[in-house]
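Read through the structure below, which is laid out as structure tokens, and then see the notes.
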Amino acid sequence: MTEEQPAPPAPQVLVAVKARWRQLVAIAAALAIVLPLAWMWWDSRMPGTYSVMDMGYVDAGGGPEPMGSMAAGHAGHEMTSVADLVADPGREPDVVVELTATQGQVTLASGRKVDGFMFNGTSPGPTIEATEGDLLEVRVHNDDVGEGISVHWHGVDVPNAEDGVAGVTQDAIRAGEDHTYRFVVDDPGTYWYHSHQVSHTQVLRGLFGALVVHHRDATQDADVLAVTHTYGGTRTLNGEEGVVTEDVAAGAVVRVRIVNTDNGAAQAWTSGPFQVLAVDGRDVNGPTDVEGQRVSVPAGGRYDLEVTAPARVQIGSTALVLGEDPGEVPQPREKLDMLAYGEPAALPFDPTDPDRTFRYSIGRRPGFLDGKPGFWWSINGHLWPDVPMYLVEEGDVVVMEIENHSGEVHPMHLHGHHAVVIARDGKAATGSPWWVDSLDVDNDETLTIAFLADNPGIWMDHCHNLKHAVQGLVAHLMYSGVDTPYRLGDDSGNEPE
């Protein structure tokens, strides 16, 4: 007698089992996607308050690594506070300026009104002038700007306590409060000042002004500012729309100080020959006449041009006319290459033997920024706040390679230091030392810069297209042994970008 075989499962049972397995596989696949996304979302969220010292990871650039608690939180024992990094506290100021910040309707020189912010009732704010070697004291009052303000001295290598970055070097100046900045202006040149609290809106809407430090032995017959800014989609020059005229005698040699306060580059050219006397407050060595070319002034950057009147200096859709107007001139196709302009000169340090070598690679990728999904800027493949904290010791010679593969140009701005551009895409500089604090890095371009770490502190190194900065294109340069008592985050009231 043979053993009876079990009956095969009914067809409907097989269908149910297969459906169940498909359901389980779908759930597992969904969890494989959702759980990592949920973790990335959670990991990207920032606490109510935090220190910049807790951000990202330390990059020592091949130099000595941080030890102990400094490695964990970028800070350790016997630290110097940024609040103590000041200039000549016992010295009487040579120049005293008072600035009051307000919000409301900005009346441009043309009479047009736009909603925004002002210093002393105007935008641009009053031009601050000093002479090299002066100690400048600026007393700032925030009348009614509810978000708070701060004042950053763009391009001036101030002591760290005076850098004006809310949450890093000070607390934001709340409405009704005051703050005093004091620093020595050792380097003659063209600079500007602007809020570094919610800067992506406050600068755009008018909270800025020019700062000029005069040479003691200036040789030009006339000195003229050309501050370019876009209000509500209209580019202006010194707050005026269209053509701005200066009464200058024929034959006069004029220094034209171009200040670009916008988020993108400003193209400038002239009706006749010109020379580039200075870039970002640093003189060019051996400037020569330029004809048939334009200069591209990065966001935040300054170019000092020398022209002879009568002349027309075209800056985008605006123009500065010196004396009798020679008429419009088409924009030249060719851009002056500052890497080859002027005469070579010795540098104050040797960039071929650096103490630290850093990489600042700018890209873009999807992810979460403080809990918000999007397509964000990255630094060395990381999204903010998991970005490098570049660590240096005072006295280090630093070389930094800035690489851009993000699809857009980025005007990079290092606080507290001037760097010299030593190469582009591996091709060495051949002209005058090209010192900058604001530098356009084009897409698919690599620029190599070098600087001396001679100004202790915690310094921002960010894109000065301020919309990019608020989207995560911000890193910091940190000196060993320096800490900050200030806090960032929604609950702190400090929001530098």
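One-based numbering along the sequence shown.
- R359 meets the salt bridge (Lys or Arg N to Asp or Glu O under 4.0 Å) test with E403; sequence neighbours excluded.
- Shown here are the side chain to side chain donor-acceptor pair (under 3.5 Å) partners of D217, two or more places apart in sequence or in another chain: there are none.
- When the side chain to side chain donor-acceptor pair (under 3.5 Å) test is applied to Y181, the partners found at least two apart in sequence or on another chain are Q170.
- Shown here for S123 and F117, the closest heavy-atom pair between the two residues is CB-O, 3.8 Å.
- Expressed to the nearest 0.5 Å, how far OG of S406 lies from CG of D442 amounts to 10.0 Å.
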Is there a side-chain hydrogen bond (donor to acceptor under 3.5 Å, both in side chains) between K113 and T107 once you walk through the steps? CA-CA 5 Å; K113 295 181 183 295; T107 303; 2.9 Å; yes
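- Looking at D353, its side chain never comes within 3.5 Å of a backbone N or O of D350 through a donor-acceptor pair.
- Between W459 and H476, the distance from one ring center to the other does not fall under 6.0 angstrom.
- Between Y193 and F119, the ring centre distance stays below 6.0 Å.
- Of the candidates Q197, E147, H196, E495 forms a side-chain contact (heavy atoms from CB on, under 4.5 Å) with just one, namely Q197.
- Between H152 and H415, the two ring planes are parallel [angle under 30°; tilted spans 30° to 60°].
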Side chains of residues 280-288: which donor-acceptor pairs under 3.5 Å do they make with residues two or more places apart or in other chains?
from: D280; atom 1: OD1; to: R302; atom 2: N; distance (Å): 2.9
from: D280; atom 1: OD1; to: R302; atom 2: NH1; distance (Å): 3.3
from: D280; atom 1: OD2; to: D437; atom 2: N; distance (Å): 2.9
from: D280; atom 1: OD2; to: S438; atom 2: N; distance (Å): 3.0
from: R282; atom 1: NH1; to: Y191; atom 2: OH; distance (Å): 3.2
from: R282; atom 1: NH2; to: D157; atom 2: OD2; distance (Å): 3.2
from: R282; atom 1: NH2; to: D187; atom 2: OD2; distance (Å): 3.1
from: R282; atom 1: NH2; to: H418; atom 2: ND1; distance (Å): 3.2
from: D283; atom 1: OD2; to: H215; atom 2: NE2; distance (Å): 3.3
from: N285; atom 1: ND2; to: E343; atom 2: O; distance (Å): 2.9
from: N285; atom 1: ND2; to: P344; atom 2: O; distance (Å): 3.3

For T190 and D304: C-alpha separation, side-chain torsions, deciding distance, then whether side-chain hydrogen bond (donor to acceptor under 3.5 Å, both in side chains) applies. CA-CA 7 Å; T190 306; D304 290 16; 2.8 Å; yes
Verdict with supporting geometry, T100 and H141, side-chain hydrogen bond (donor to acceptor under 3.5 Å, both in side chains): CA-CA 5 Å; T100 297; H141 174 71; 5.7 Å; no
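- Between F349 and W435, the ring planes are perpendicular. Angles over 60° get that label, and only those under 30° would be called parallel.
- Shortest non-hydrogen contact noted between I315 and A268 is CG1-CB, 4.2 Å.
- By the 4.0 Å N-to-carboxylate-O rule, R424 lies close enough to E445 to be salt-bridged with it.
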Decide side-chain contact (heavy atoms from CB on, under 4.5 Å) for H382 and I379; before the verdict, give the C-alpha distance in whole Å, the side-chain angles of both, and the deciding distance to 0.1 Å. CA-CA 5 Å; H382 298 269; I379 302 174; 5.8 Å; no
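- Screening residues 316-330 for side-chain hydrogen bond (donor to acceptor under 3.5 Å, both in side chains) gives R312-D325 as the qualifying pairs, with residues at least two apart or on separate chains.
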side-chain contact (heavy atoms from CB on, under 4.5 Å) between D115 and Q105, worked out: CA-CA 4 Å; D115 289 332; Q105 283 207 314; 3.4 Å; yes
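- Side-chain contact, E408 with N443: no donor N or O sits under 3.5 Å from an acceptor N or O.
- D355 places a side-chain N or O within 3.5 Å of a backbone atom of V397 that can act as its donor or acceptor partner.
- Residues that satisfy the side chain to side chain donor-acceptor pair (under 3.5 Å) test with S199, not counting sequence neighbours, are E497.
- Under a 3.5 Å cut-off, the side chain of N238 and the backbone N or O of T228 do not form any donor-acceptor pair.
- With hydrogens and angles ignored, the 3.5 Å screen pairs no side-chain donor or acceptor of D221 with any backbone N or O of V254.
- The local environment of CZ in R216 is crowded, with over 12 non-hydrogen atoms from other residues, nucleotides or ligands closer than 6.0 Å.
- In this structure, P326 and S271 approach most closely via the heavy-atom pair CG-OG, 3.4 Å.
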Before giving the answer on side-chain hydrogen bond (donor to acceptor under 3.5 Å, both in side chains), spell out for Q471 and W377 the whole-Å C-alpha distance, their side-chain angles and the decisive distance to 0.1 Å. CA-CA 7 Å; Q471 294 168 358; W377 308 110; 3.0 Å; yes
Side chains of residues 447-454: which donor-acceptor pairs under 3.5 Å do they make with residues two or more places apart or in other chains?
none

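- In this structure, the salt bridge (Lys or Arg N to Asp or Glu O under 4.0 Å) partners of D223, at least two apart in sequence or on a different chain, are R257.
- Between T446 atom OG1 and H405 atom NE2 the span is 9.0 Å, to the nearest 0.5 Å.
- In terms of heavy-atom proximity, T270 sits nearest to V307 at CG2-CG1, 3.9 Å.
- Closest approach of A265 to D440, counting heavy atoms only: CB-OD2, 3.6 Å.
- Note: Y360 OH to I402 CD1 = 8.0 Å, rounded to the nearest 0.5 Å.
- Among H200, H410, H154, the single residue meeting the ring pair (Phe, Tyr, Trp, His ring centres under 6.0 Å) criterion with H464 is H154.
- Residues satisfying the salt bridge (Lys or Arg N to Asp or Glu O under 4.0 Å) test with E98, not counting sequence neighbours, are R139.
- Within the 3.5 Å criterion, the main-chain N or O of V297 finds a donor-acceptor partner in the side chain of N260.
- In this structure, E291 CD and D289 CG are separated by 6.5 Å, a value rounded to the nearest 0.5 Å.
- Here the straight-line distance linking atom CG of L477 with atom CG of L414 works out to 6.0 Å at 0.5 Å rounding.
- When all heavy atoms are compared, the tightest approach of P496 to L488 is CD-CD2, 3.4 Å.
- Residues that satisfy the salt bridge (Lys or Arg N to Asp or Glu O under 4.0 Å) test with D262, not counting sequence neighbours, are R235.
- Looking only at distances, no side-chain donor or acceptor of Y390 sits under 3.5 Å from a matching main-chain atom of A475.
- With sequence neighbours excluded, no residue forms a side chain to side chain donor-acceptor pair (under 3.5 Å) with E401.
- S150 places no side-chain N or O within 3.5 Å of a backbone atom of S195 that could act as its donor or acceptor partner.
- Here the CZ atom belonging to F358 is positioned 6.0 Å from the CE atom belonging to M400, to the nearest 0.5 angstrom.
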List the atom pairs, donor and acceptor, that lie under 3.5 Å between side-chain atoms in residues 240-250 and the rest of the protein, sequence neighbours left out.
from: E241; atom 1: OE2; to: S110; atom 2: OG; distance (Å): 2.8
from: E241; atom 1: OE2; to: R112; atom 2: NE; distance (Å): 2.8

Passes salt bridge (Lys or Arg N to Asp or Glu O under 4.0 Å), R182 versus E137? Steps please. CA-CA 5 Å; R182 287 169 49 91; E137 181 172 293; 2.9 Å; yes
